[in-house]
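All values below come from the heavy atoms of this structure, side chains included, with hydrogens, waters and symmetry mates left out. Treat the numbers as computed from the prediction; the structure is a model and nothing was measured. Each ligand, and each atom within it, is numbered from 1 in the order the structure gives.
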Amino acid sequence: MVQIAVMGYGVVGSGVVEVFYKNRESIQRRAGCEMEIKRILDLREFPGSPYAEKFTKNFEDILQDDDIRVVVEVMGGVHPAFEFVQQCLQRGKSVATSNKELVATKGAELLKTAAENNVNFLFEASVGGGIPILRPLSQCLAANEIMEIDGILNGTTNYILTKMIKEQVSFADALQQAQQLGYAERDPSADIEGADACRKVCILASLAFGKHVYPDSVYTEGITKISLDDVAYAADMDCVIKLIGRVQKLSDSRITATVYPAFISHDSQLATVDDVFNAVLVRGDAIGDVVFYGKGAGKLPTASAVVADVIDCVKHIGTRKLISWEDCHDPDYVVDYKTDTVSMYVCMQTQDRPALQEAVKQQFGVVRTLSRPNAPGDAFAFATGAMPEAQIDQKLSAVSSLGTVTSKIRILSDI
Ligand code: HSE
């Protein structure tokens with residue numbers, strides 16, 4: 001009998017317990033042994049819970065109990081999750097977590113601690129919720145050099161953008177719905193400002209390219225400035241707006257890593273990924289493009305991935321799963337996003353549209369002029385050709401006396 005503990009009984013933690021008891025028979029069959037949840041750590045009271053006797057408010061009840069061999073960390077945040085996980089690993093317990101922030105900021109350190117103590121630290125649920133992506137990336141695609149990963153990595157923002165695109169629902173109303181459905185982070189600014197997707201980009205990049213990428217090296221822009229006008233201009237280009245997390249390997253072994261809203265063509269495999277669904281496109285040198293798709297947030301989809309990691313931890317007691325990367329603090333490893341070549345949708349407000357149009361033509365050459373229903377006469381929207389982003393900024397500043405940039409969104413035509 002392998003005893004398990006769950007730290008955190010929020011949306012995901014309660015989902016882990018629910019999935020475990022619902023599917024216990026098949027879970028045990030797959031693990032090859034009997035399993036039981038012995039302890040649940042949470043500071044809150046859960047009166048009337050069928051698991052009342054398992055609850056504890058004291059972490060030591062889990063740490064000091066050597067019958068507990070596998071611990072689930074679903075508390076969220078870095079502290080005290082980091083200290084708890086590290087102590088569990090040092091005590092010889094394997095840990096499964098869905099905590100993106102923890103893995104993105106402390107992953108290299110915790111993987112090292114796990115290796116030193118011959119236990120496992122698994123985190124499939126930290127990227128893409130219920131979608132299997134980390135295991136495929138590190139195992140099934142292991143023969144490939146990964147060239148690029150592009151993903152819709154945040155369910156909350158994808159839900160909001162879908163509502164804006166398909167139903168013209170306001171940003172605020174759509175966010176409220178996503179929170180009610182249990183998709184959003186405790187602090188939803190992490191969703192809408194892009195921090196959650198950034199953490200997932202860090203994990204994907206670290207795993208794909210073998211060096212830890214920290215969140216502060218990833219240029220991150222959220223969706224709070226996206227308007228229904230931008231959505232309409234995107235439609236004029238047969239595009240939709242999606243929050244895209246992207247990592248690319250460069251020829252000199254450095255990488256790009258970014259999170260930002262982007263126009264993507266209706267023809268893209270990512271364009272039809274709607275609502276809370278996530279998708280991750282992986283481009284490998286042998287396989288070409290492969291896309292992983294499924295529910296990226298929510299109680300049971302996320303619990304599904306956590307419990308699968310628990311099964312893997314149980315199956316590998318005494319042995320190691322080789323998931324790891326090295327720590328890296330080289331400030332030049334992730335290149336400055338301003339050097340990336342992109343096209344840009346730009347919307348400007350102007351008192352003199354003919355003069356602005358002429359100046360834009362002088363700077364950018366021929367641009368694609370965009371239109372939308374009921375556009376005011378003082379708006380001029382266009383799409384530039386592809387060039388380094390710093391060059392786009394220079395050209396826009398050269399025309400700034402003739403108008404003000406009200407929107408600027410990158411156009412990704414290669415996914
Ligand atoms: N808040 C996250 C999302 C949860 O919306 O995708 C899953 O990581």
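- With a 6.0 Å radius and a threshold of 12 heavy atoms from other residues, nucleotides or ligands, R39 has its CZ atom above the threshold.
- Residue-to-ligand polar distances keep A184 apart from ligand 1: every N/O pair is separated by 3.5 Å or more.
- Using a 3.5 Å distance cut-off with no hydrogens or angles, the side chains of Q64 and R91 do pair a donor with an acceptor.
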Quick one: side chains of residues 295-303, donor-acceptor pairs under 3.5 Å with protein atoms, not counting sequence neighbours, listed by atom name and distance.
{"from": "K299", "atom 1": "NZ", "to": "E18", "atom 2": "OE1", "distance (Å)": "3.3"}
{"from": "T302", "atom 1": "OG1", "to": "G298", "atom 2": "O", "distance (Å)": "2.7"}

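- Heavy-atom proximity to N154, at under 4.0 Å, picks out these atoms of ligand 1: 2 (C), 3 (C), 5 (O), 6 (O).
- Under a 4.0 Å criterion applied to the non-hydrogen atoms of Y183, ligand 1 contributes the atoms 1 (N), 2 (C), 3 (C), 4 (C), 5 (O).
- A salt bridge between R254 and D332 is absent, with no side-chain N of the basic residue lying under 4.0 Å from a carboxylate O of the acidic one.
- Close approach of ligand 1 to G296 (heavy-atom distance below 4.0 Å) involves ligand atoms 6 (O), 7 (C).
- Residue contacts with ligand 1, taken as heavy atom pairs separated by less than 4.0 Å, involve D191 solely via side-chain atoms from C-beta onward.
- For the pair N278 and ligand 1, the shortest N or O to N or O distance does not fall below 3.5 Å.
- Aromatic ring centroids of Y233 and F263 lie 6.0 Å or more apart.
- Looking from atom 6 (O) of ligand 1 to the surrounding protein, the closest heavy atom is G155 N, 2.7 Å.
- Using a 4.0 Å cut-off to heavy atoms of A297, the atoms of ligand 1 that qualify are 3 (C), 4 (C), 5 (O), 6 (O), 7 (C).
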Enumerate donor-acceptor pairs with a distance under 3.5 Å from any side-chain N or O in residues 75-85 to protein atoms, sequence neighbours excluded.
{"from": "H79", "atom 1": "ND1", "to": "E83", "atom 2": "OE1", "distance (Å)": "3.1"}
{"from": "H79", "atom 1": "ND1", "to": "E83", "atom 2": "OE2", "distance (Å)": "2.8"}

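- Ring geometry for F46 against F55 counts as parallel: the plane angle stays under 30°, on a 0 to 90° scale with 60° as the upper cut.
- Summary of contacts: the protein heavy atom closest to atom 5 (O) of ligand 1 is T156 OG1, 2.6 Å.
- Protein heavy atom in closest approach to atom 2 (C) of ligand 1: E185 OE2, 3.1 Å.
- Of all the atoms in ligand 1, the ones that sit under 4.0 Å from a non-hydrogen atom of K100 are 4 (C), 7 (C), 8 (O).
- Contact annotation for T157 and ligand 1: no heavy atom of the residue comes within less than 4.0 Å of the ligand.
- Of the N and O atoms on the side chains of D230 and S227, at least one donor lies less than 3.5 Å from an acceptor on the other residue.
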